[in-house]
Amino acid sequence: MFKIHSARRILTMNPSRPETTHVAMREGRILGTGSLEELAGWGKHELDERFADKVLMPGLVEGHSHAMEGTFWRYVYVGYFDRMDPDGRVWTGAGSIDAVIDRLRDAASKLAGDAQPLSAWSLDPIYFGSRRVAREDLDRASATRPVGVLHASGHILNVNTRALELADLLRKGINHPGIPLGADGLPTGELKGPDPMMMASQHVGFDREVLACDELGLRYFGRLCVRKGVTTAADLANLLPQDAVAMMLRVTGESDYPARIVSLLRLQLLSGQALIDRALELRAKSTDRLRLGIVKLVADGSIQGFSARLRWPGYYNGAPNGLWYVPPETLREAFRLALAQGVQVHTHTNGDEATELVLDCIEEALQAHPARDHRFTLQHCQLADAAQFRRMRALGMCVNLFPNHHYYWGDQHYAMTVGPERAERMNACATALACGVPFAIHSDAPVTPLGPLFTAWCAVNRRTATGRLLGAHERIGVADALRTITLGAAYTLKLDGEVGSIECGKRADFAVLEDDPLEIGVERLKDVRIWGTVQGGRLFPATPSGQA
């Protein structure tokens with residue numbers, strides 16, 4: 001006995017049968033799609049018509065997110081824009097520094113004892129003009145307890161005076177490009193990049209190893225995936241300590257965990273060979289719903305945080321160039337060892353100088369260890385120009401672009417960070433398509449909210465928060481955008497043989513939609529309502545009533 005689901009329309013992403021009305025599944029996999037008469041040929045079946053008025057498409061694949069999106073909702077949200085939590089509650093954005101401090105002060109009043117840190121997330125001072133947040137601002141929230149506020153980009157941490165004291169950073173004579181100093185010669189409280197952030201993070205609730213082991217956060221993340229139609233999500237930078245891996249295997253192995261997590265091992269405090277050895281060890285632990293064994297490198301920082309590495313002429317507002325997170329020799333070694341031992345690598349590059357360095361390193365590594373299907377992927381790669389995309393194609397690379405930036409920071413990129421011309425080429429989806437580079441698009445949640453259909457809307461429309469059209473020539477069509485959040489993203493994770501399309505033999509993973517994304521219109525693509533998901537043949541409505 002197997003089950004056949006009927007639907008108003010099924011968008012399969014399978015070019016040999018792009019649209020159907022029925023899909024059959026057995027043992028969590030797809031028997032086939034087509035008409036009821038065709039599928040009945042498989043034998044005895046049960047017809048389920050609960051989706052008869054809905055649209056099915058492949059389960060959405062979020063190719064770059066972080067399971068910490070679930071964890072952070074236990075902290076104080078201080079982002080500029082309104083945002084929905086895993087339970088469906090919408091939190092109002094904080095539109096000024098004073099509004100941020102008021103929210104922090106209110107949260108501090110509810111904490112017991114001065115030793116308990118106050119942790120907040122999604123700060124982005126670029127919306128508040130040229131003024132940066134300083135330790136004195138956070139002292140207004142609490143001068144006695146440690147306060148830490150993570151920027152939306154995840155690349156900068158602001159802390160108060162007490163946190164600096166605990167981290168032994170409230171002193172003169174510090175000489176580090178990621179630790180700005182004030183007129184008094186003391187750190188301002190803004191910590192840029194992984195090394196400075198690590199010095200204070202354990203004191204303010206952002207210890208990455210502890211966060212990696214957060215079980216409740218992983219469960220919250222699964223609930224977010226259902227709300228957004230996501231059945232496979234990449235957790236793109238995890239230290240993956242043994243305790244975290246054991247927890248993730250246990251939680252994702254539960255019968256009601258609703259998503260497949262692809263967790264990447266981040267290079268941090270490991271030598272190149274130790275990194276590859278650990279990746280291979282993790283790969284052997286993979287299950288259907290927890291995929292391990294891919295490596296994540298981070299070459300530079302954030303464009304809106306002015307820590308990304310840009311080629312000449314640099315930042316539009318004259319800010320100094322950003323930070324290198326990994327020395328070139330470390331990148332070269334990691335790529336060489338990974339290619340030699342068949343380990344896939346995804347590399348964060350925001351600025352075009354970082355992209356150029358990584359392309360040079362990979363080209364050199366491929367000369368030593370040629371590989372036909374390595375699928376090394378550049379993540380974000382926001383400022384790449386056409387020549388760099390042509391190099392990616394020649395080197396057999398993939399790219400995962402970040403079109404949400406047009407909405408959330410497009411106005412700031414145009415006016416402050418990179419200027420009008422480069423802002424219009426950012427996240428060049430049309431160029432990637434024209435150059436034949438396999439590509440996906442992503443949210444980088446929690447940097448921006450998880451939601452592949454919103455990301456697709458950004459790639460199709462390229463509108464900023466104020467409505468500016470930013471780079472009309474880089475817009476792509478709805479069909480291409482839908483492919484990038486299904487089969488395109490699956491390809492970058494080497495999962496396109498299992499997910500990303502609805503066809504015989506693949507996992508029975510579907511996004512169940514109330515509206516048809518091909519009919520709703522390009523301006524309303526982000527408004528497509530989501531009933532929930534089917535993951536491995538299991539049904540997960542977004543709410544208990546089954547209404548998104």
Side-chain angles (χ1 to χ4, degrees), residues 68 71-72 74-81 83 93-108 111 116-171 174 176-208 211 301-308 319-320 322-323 325 408-409 412 416-417 446-447:
M68 285 186 295
T71 298
F72 284 175
R74 299 217 307 274
Y75 301 154
V76 183
Y77 176 67
V78 294
Y80 185 76
F81 294 89
R83 189 153 175 170
S96 67
I97 292 178
D98 286 340
V100 170
I101 301 306
D102 286 345
R103 187 165 296 181
L104 293 173
R105 187 183 292 119
D106 179 65
L111 297 178
Q116 185 175 357
L118 174 59
S119 309
W121 63 289
S122 203
L123 176 69
D124 210 327
I126 201 168
Y127 299 124
F128 308 140
S130 59
R131 180 161 114 62
R132 308 298 290 178
V133 174
R135 69 177 191 273
E136 293 85 0
D137 293 308
L138 300 188
D139 288 344
R140 291 163 50 200
S142 177
T144 56
R145 75 174 68 252
V147 179
V149 185
L150 189 67
H151 282 220
S153 69
H155 289 270
I156 301 174
L157 178 68
N158 272 91
V159 299
N160 69 343
T161 300
R162 180 58 181 150
L164 287 173
E165 291 173 345
L166 292 172
D168 192 29
L169 290 174
L170 194 68
R171 52 188 169 83
I174 292 176
H176 191 290
I179 306 179
L181 305 178
D184 59 1
L186 296 172
T188 65
E190 186 175 80
L191 306 176
K192 306 170 72 171
D195 294 339
M197 291 170 64
M198 284 177 61
M199 297 177 192
S201 59
Q202 62 180 316
H203 302 293
V204 295
F206 286 107
D207 186 300
R208 288 192 74 100
L211 294 177
S302 156
I303 296 174
Q304 70 272 24
F306 300 98
S307 58
L323 305 173
Y325 282 17
Y408 286 102
W409 293 282
Q412 287 72 30
M416 295 176 61
T417 67
V447 176

For [X] and [Y], which heavy atoms make the closest approach, and how far apart are they?
{"X": "V76", "Y": "L118", "answer": "CG2-CD1, 4.0 Å"}
{"X": "H203", "Y": "L166", "answer": "NE2-O, 3.3 Å"}
{"X": "V204", "Y": "A163", "answer": "CG1-CB, 3.7 Å"}
{"X": "P196", "Y": "I179", "answer": "CB-CG1, 3.7 Å"}
{"X": "F306", "Y": "A319", "answer": "CD2-CB, 3.7 Å"}
{"X": "W409", "Y": "A152", "answer": "CZ2-CB, 4.1 Å"}

Would you call D106 and R103 a salt bridge, using N to O less than 4.0 angstrom?
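Looking at R103 together with D106, the answer is no, because their closest N to O distance does not fall below 4.0 Å.
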
Is the ring pair F81/Y127 parallel, tilted or perpendicular, if the boundaries are 30 and 60 degrees?
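If you compare the ring of F81 with that of Y127, the planes turn out perpendicular.
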
Name all residues meeting the side-chain hydrogen bond (donor to acceptor under 3.5 Å, both in side chains) criterion together with T417; count only those two or more places apart in sequence or in a different chain, and write none if there are none.
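Expected list: H413.
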
May I ask you to decide if [Y]'s main-chain N or O and [X]'s side chain share a donor-acceptor pair within less than 3.5 Å?
{"X": "R135", "Y": "P187", "result": "yes"}
{"X": "Y75", "Y": "L150", "result": "no"}
{"X": "R162", "Y": "R145", "result": "no"}
{"X": "D137", "Y": "I101", "result": "no"}
{"X": "N158", "Y": "H151", "result": "no"}
{"X": "R171", "Y": "D168", "result": "yes"}
{"X": "S307", "Y": "G322", "result": "no"}

Which distance, rounded to the nearest 0.5 Å, do you find between the [atom1] of [X] and the [atom2] of [Y]?
{"X": "L104", "Y": "R140", "atom1": "CG", "atom2": "CZ", "result": "10.0 Å"}
{"X": "M416", "Y": "I126", "atom1": "CE", "atom2": "CD1", "result": "4.5 Å"}
{"X": "D139", "Y": "T144", "atom1": "CG", "atom2": "OG1", "result": "9.5 Å"}
{"X": "Q304", "Y": "D124", "atom1": "CD", "atom2": "CG", "result": "5.5 Å"}
{"X": "D207", "Y": "S119", "atom1": "CG", "atom2": "OG", "result": "11.0 Å"}

Could you note down all residue pairs passing side chain to side chain donor-acceptor pair (under 3.5 Å) where residues 185-200 supplies at least one of them, sequence neighbours left out?
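Found R132-E190.
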
Do the two ring centres, one from Y408 and one from Y80, sit under 6.0 Å apart?
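Distance test on ring centres: not under 6.0 Å, no.
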
Suppose we call two aromatic rings close when their centres sit under 6.0 Å apart. Are F72 and W121 close by that rule?
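Ring-ring flag for F72/W121: true, centres closer than 6.0 Å.
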
Worked verdict on V159 versus E165 for side-chain contact (heavy atoms from CB on, under 4.5 Å):
CA-CA 10 Å; V159 299; E165 291 173 345; over 6 Å; no

Close side-chain approach of L323 to P177, heavy-atom, < 4.5 Å
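Of all side-chain heavy-atom pairs linking P177 with L323, at least one is under 4.5 Å.
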
Checking side-chain contact (heavy atoms from CB on, under 4.5 Å) for the pair L123/V133: CA distance, chi angles, key distance, verdict?
CA-CA 9 Å; L123 176 69; V133 174; 4.1 Å; yes

